[in-house]
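Pasting a structure below so you can have a look.
Both counts, for ligands and for their atoms, begin at 1 and track the order of listing. All figures in this text were calculated on a predicted structure; none of them were measured in a lab.
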Amino acid sequence: MGSIIVITGTPGVGKTTLARALAERLGIRYINVAELARANGLLLNYDEARGAYVVDIRGVRKVLRDIASREEVVVDTHIVEVAPPEFVRLAIVLRLDPRLLAERLRGRGYPLSKVRENVESEVLDLCLQDAVAHLGFDKVFELDATGKPPHVVLEEALKIIERGEGAKPGSVSWAAKLGEELAELLLSLGG
Ligand code: DAT
C-alpha cells in the first residue's frame, strides 16, 4: 500500500516538470490528473468564470485507487482530493514566490483574473492546507522551487522521497517574506 507520490501546488509552480522527471528517475508511471479525467470522461461542466473544467473528484479517486492497487505512480494535480489517502505514500507541495508565479502565468497568456486567483491561492497556502487536511501532516512536505533550476528541484524531491528529509508544512510564508511588496503585487493584478 501507499504507492502514490502526489505532486501538488498552485498551477504554474512547476508540478508537471517535476512529476515527469521524478517518474522517469524512479522508473514509475506519471499520471496527469487533468489528462486522466479527460480520458475517462470525468470532466464535468466548464466553469466560465474560472476558465477551467470541473473535475469529477470522486470519479478520478476511484480510477486512481484501481491504478494504485496495481502499481506505483507519480500523480500530478492541483486538486489533492482526487488522491485516495490510503494509497498515498507522501505528497510534495511545490511552492513558488508569488511574484515569479504571476510572471509565469502572465507569460502563459492567462487572463489577469486567473493570474490573480492563482497568486492569491499561493499566498494563502491553499494547496498546502488542502494537502494537510486530506492526507495529514505527516505525509506532507513543502518544496520551495523559487530560484532553483529543475534538476535541483528534482534532487530535493528525491531526498524527501528516499530519506524523508525536507521542509514540513508551515515553512513557507509569502506574506511574511514579501511584506509590503505583496500588496503592490496584488494591486498590479487588479486585486
Ligand atoms: P504546473 O504543472 O505546476 O502548472 P509546469 O511544470 O507546467 O507547472 O511549469 C510551468 C512553467 O514553468 C513551464 O514553462 C516550465 C517552467 N518551469 C517549471 N519548473 C521550473 C524551474 N524549476 N525553473 C524554471 N522554470 C520552470
Give the numbers and elements of all ligand 1 atoms closer than 4.0 Å to a heavy atom of Pro150.
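So the answer, numbered in order with elements, is 21 (C), 22 (N), 23 (N).
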Do any nitrogen or oxygen atoms of Asp76 lie less than 3.5 angstrom from nitrogen or oxygen atoms of ligand 1?
no
Mind checking whether Val153 has an N or O less than 3.5 Å away from an N or O of ligand 1?
no
Using a heavy-atom cut-off of under 4.0 Å, does the side chain or the backbone of Ala145 touch ligand 1, or both, or neither?
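Under 4.0 Å from ligand 1, Ala145 contributes no heavy atoms.
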Under-4.0 Å heavy-atom contact between protein and atom 18 (C) of ligand 1:
yes
Heavy-atom donor-acceptor pair, Asn32 side chain to Glu35 backbone, under 3.5 Å
yes
Sub-4.0 Å heavy-atom approach of Pro149 to ligand 1
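Checking ligand 1 against Pro149, which is what was asked, there is a heavy-atom contact under 4.0 Å.
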Can you pull the side-chain hydrogen bond (donor to acceptor under 3.5 Å, both in side chains) pairs that have at least one residue in residues 52-70, sequence neighbours excluded?
Arg65-Glu86
Check whether any protein heavy atom sits under 4.0 Å from atom 22 (N) of ligand 1.
yes
Tell me if a side-chain donor or acceptor on Arg116 pairs with a main-chain N or O of Gly190 at a distance below 3.5 Å.
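Yes; at least one donor-acceptor contact below 3.5 Å.
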Any salt bridge linking Glu142 with Arg95? Criterion: basic side-chain nitrogen under 4.0 Å from a carboxylate oxygen.
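Salt bridge flag = yes for Arg95 with Glu142.
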Which residue supplies the protein heavy atom nearest to atom 6 (O) of ligand 1, what is that atom called, and how far is it?
Thr17 OG1, 2.6 Å
Does Arg108 come within less than 4.0 angstrom of ligand 1, counting non-hydrogen atoms of the residue?
yes
Going only through I, L, V, M, F, W and Y residues with side-chain contacts under 4.5 Å, is there a path from Leu154 to Leu90?
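In one cluster: yes.
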Residue, atom name and distance, where the atom is the protein heavy atom closest to atom 11 (C) of ligand 1:
Arg104 CD, 3.8 Å
Under the salt bridge (charged side-chain N to carboxylate O under 4.0 Å, His left out) rule, collect the residues that match up with Glu48, sequence neighbours excluded.
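Counting only residues at least two positions away or on another chain, Glu48 forms no salt bridge (charged side-chain N to carboxylate O under 4.0 Å, His left out).
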Just checking, is any N or O donor in the side chain of Asp76 or Thr16 under 3.5 Å from an acceptor N or O on the other one?
yes
Short N/O distance, under 3.5 Å, between Gly12 and ligand 1?
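There is such a contact, yes.
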Can Arg99 and Glu122 be counted as an ion pair, charged N to O under 4.0 angstrom?
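No.
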